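The shown structure was predicted, so the numbers you read here are calculated from the model rather than taken from an experiment. The basis for the numbers below is simple: all heavy atoms, side chains too, and nothing from hydrogens, waters or symmetry mates.
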Amino acid sequence: MSNLDPENWDEYRQQAHALLDACIDRLASAREHPWQPLPEAVRASYALDGVARGEGALAQELAESVLPHGTGNTHPRFWGWVHGTGLASGVMAEMVAATMNANLGGRAHGAVEIERAVIDWTRQVMGFPEGSSGVFVTGTSQATVIALASARVAVMPEVRARGQGAVPLTAYAGAGAHNAARKAMELLGMGHDALRLIPEGPQGMDLHALAERIEADRDAGRQPFAVVGTAGSVDLGRFDDLNALADLAQAQGLWLHIDGAFGAWTRLAGAPWRALSDGIGRADSLACDFHKWMFVPYDCGLVLIRDEATHRAAFAARPAYLAAQSAGLGGGEPWFCDYGVDLSRGNRALKAWSAIRAHGADGLGAAITRCCMLAKAMGDGVSARAPMALMAPVVSNLCVFTADAGLSEAEQSALNTRIAQALQLAGVAVFSTTSVNGVTCLRAAITNHRTTAADIEAALQAVADER
Ligand SMILES: *Cc1c(COP(=O)(O)O)cnc(C)c1O
């Protein structure tokens, strides 16, 4: 054997075809396969001994021991955390991406043009101007780091060379903002205390409180530089008033970043949900995920930056071994490595491109609208089943409730925690939990194109039965 390719391609073809059939069977029967705990014997079988077994044995092991033991988010009654469901088009795209094995850090080839095409489509959906830049990343967490690093370079052009030093920059976000913003502040060396958390109501951040906090920081000699708005909060699915936030950021001369991890995609939804993200195109930067509410397989996130020059100023670095070429494979400017952390980059864009090609904006938008309708139906179902009760209004695709509002806070918390675990272990439904006003609640984030109205009813009945 002279290299690592299969010795017999015909045998490999048969093995790979059988594996593909197993994958398709698994997706086609997603309803029969909820999450279940990983059996200890299977876990033990994953240990590597470094001995070669060949592709044939591998294909069998992948089908039998690996494929069945995922997170269960392919199941129609999976609503925990914010998990996308996956798409059959994603299986095709990932197969082609692995075969091409393209490096999307840059250079002149088709895969980078696919990424450009998806970024340009998303730019238009979100209402960002032509000339905006973007780059695919793991998810909104990394997108937030890139966005806030760009925001900082905008006010501190020398920060890459000299560091931030003792300059006390401050940023602002609603109290319900995702932890990703705090982490980004930590990673950028600003510390999460510099992210001021502003109280919020059903309409998101209290803009009066925000303006006061900015003024207080200025009075104290600090330098406000960014506001992080939320389009779809992780706990309750709330949206900041993005137009009002854009007005405020503009008046204050602050960079407006929007965390639209899932909620940005209400841009594709029908009324009344589309209006939730009105104004999103006025942001300086936007983080969104394809792996949540666009259903694309993990991982697949995107950051969009309005001012390409600032984006480039924050990340571009091209030593001699990466120098731009006037022709050949070393051409193809701009290179994506100049827009983010990674030099070597996989082909995340292809699965997003494939989803859009296969289903179109209308098909994806209809699925997103359906998720909102189902969340509303779940909310109605909760309200109709006293003593179950909603813990927050259903704004978009999230429904947060308690199984028995008649109990004390501590009793409700224990009950809801127990129910979530019991339904997960029984393979009935996956709710996660969160805390609202000191009560641990059941929480469903519906980013699932397989969920039906009957699934909602069955899951609520199961909650009632567990109580
Ligand atoms: C999931 C989520 C994030 C983090 O995104 P990742 O893709 O998991 O890195 C940030 N903000 C919100 C609102 C989210 O739902």
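Among residues at least two apart or in separate chains, there is no ring pair (Phe, Tyr, Trp, His ring centres under 6.0 Å) pair with a member in residues 215-235. A ring pair (Phe, Tyr, Trp, His ring centres under 6.0 Å) check over residues 194-224, counting only residues at least two apart or in different chains, returns nothing. Residue pairs meeting the side chain to side chain donor-acceptor pair (under 3.5 Å) criterion with at least one partner in residues 135-148, sequence neighbours excluded, are T138-Q142, T140-D289. Evaluation of the ring pair (Phe, Tyr, Trp, His ring centres under 6.0 Å) test over residues 371-420, restricted to residues two or more places apart or in two chains, returns F401-F431. The side chain to side chain donor-acceptor pair (under 3.5 Å) contacts involving residues 424-434 comprise D235-T434, S432-R443, where partners must be two or more places apart or lie in separate chains. Sorted pairs that involve residues 157-199 and meet ring pair (Phe, Tyr, Trp, His ring centres under 6.0 Å), not counting sequence neighbours, are lacking altogether.
With sequence neighbours excluded, no residue forms a side chain to side chain donor-acceptor pair (under 3.5 Å) with W273. Scored by the side-chain contact (heavy atoms from CB on, under 4.5 Å) test, E40 finds R43, A44 as partners (sequence neighbours excluded). Shown here are the side-chain contact (heavy atoms from CB on, under 4.5 Å) partners of T451, two or more places apart in sequence or in another chain: W79, L374, I446, N448, D455, I456.
Under the 4.0 Å criterion applied to side-chain N and carboxylate O atoms, D380 and K376 are assigned as salt-bridge partners.
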Pairs under 3.5 angstrom only: tabulate donor-acceptor contacts from the side chains of residues 416-423 to other protein residues two or more places apart or in another chain.
{"residue": "N416", "atom": "OD1", "partner": "A403", "partner atom": "N", "Å": "2.9"}
{"residue": "N416", "atom": "ND2", "partner": "T402", "partner atom": "OG1", "Å": "3.0"}
{"residue": "N416", "atom": "ND2", "partner": "Q412", "partner atom": "O", "Å": "3.2"}
{"residue": "N416", "atom": "ND2", "partner": "T440", "partner atom": "O", "Å": "2.8"}
{"residue": "T417", "atom": "OG1", "partner": "S413", "partner atom": "O", "Å": "2.7"}
{"residue": "R418", "atom": "NH1", "partner": "E466", "partner atom": "OE1", "Å": "3.4"}
{"residue": "R418", "atom": "NH2", "partner": "E466", "partner atom": "O", "Å": "3.2"}

Can you give me every donor-acceptor pair (side chain of residues 350-360, partner residue at least two apart or in another chain, under 3.5 Å) with its distance?
{"residue": "K351", "atom": "NZ", "partner": "P297", "partner atom": "O", "Å": "3.4"}
{"residue": "K351", "atom": "NZ", "partner": "Y298", "partner atom": "O", "Å": "3.1"}
{"residue": "K351", "atom": "NZ", "partner": "D299", "partner atom": "O", "Å": "3.1"}
{"residue": "S354", "atom": "OG", "partner": "L350", "partner atom": "O", "Å": "2.8"}

Show me the donor-acceptor pairs within less than 3.5 Å that the side chains of residues 312-319 make with the rest of the protein, sequence neighbours left out.
{"residue": "R312", "atom": "NE", "partner": "E308", "partner atom": "OE2", "Å": "3.0"}
{"residue": "R312", "atom": "NH2", "partner": "E308", "partner atom": "OE2", "Å": "3.4"}
{"residue": "R318", "atom": "NE", "partner": "L322", "partner atom": "O", "Å": "3.0"}
{"residue": "R318", "atom": "NH1", "partner": "E333", "partner atom": "OE1", "Å": "3.3"}
{"residue": "R318", "atom": "NH1", "partner": "D338", "partner atom": "OD2", "Å": "2.7"}
{"residue": "R318", "atom": "NH2", "partner": "L322", "partner atom": "O", "Å": "3.2"}
{"residue": "R318", "atom": "NH2", "partner": "E333", "partner atom": "OE2", "Å": "2.6"}

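Checked by atom type, the side-chain pair S133/H311 shows a donor-acceptor distance below 3.5 Å. A donor-acceptor contact closer than 3.5 angstrom is absent between the side chains of R222 and T170. Residues Q252 and R218 bring a donor and an acceptor atom of their side chains to less than 3.5 Å of each other. For the residue pair H449/T85, the side-chain donor-acceptor check at 3.5 Å is not satisfied.
A cation-pi arrangement is absent between R345 and F136 under the rule of less than 6.0 angstrom and at most 45 degrees off the ring axis.
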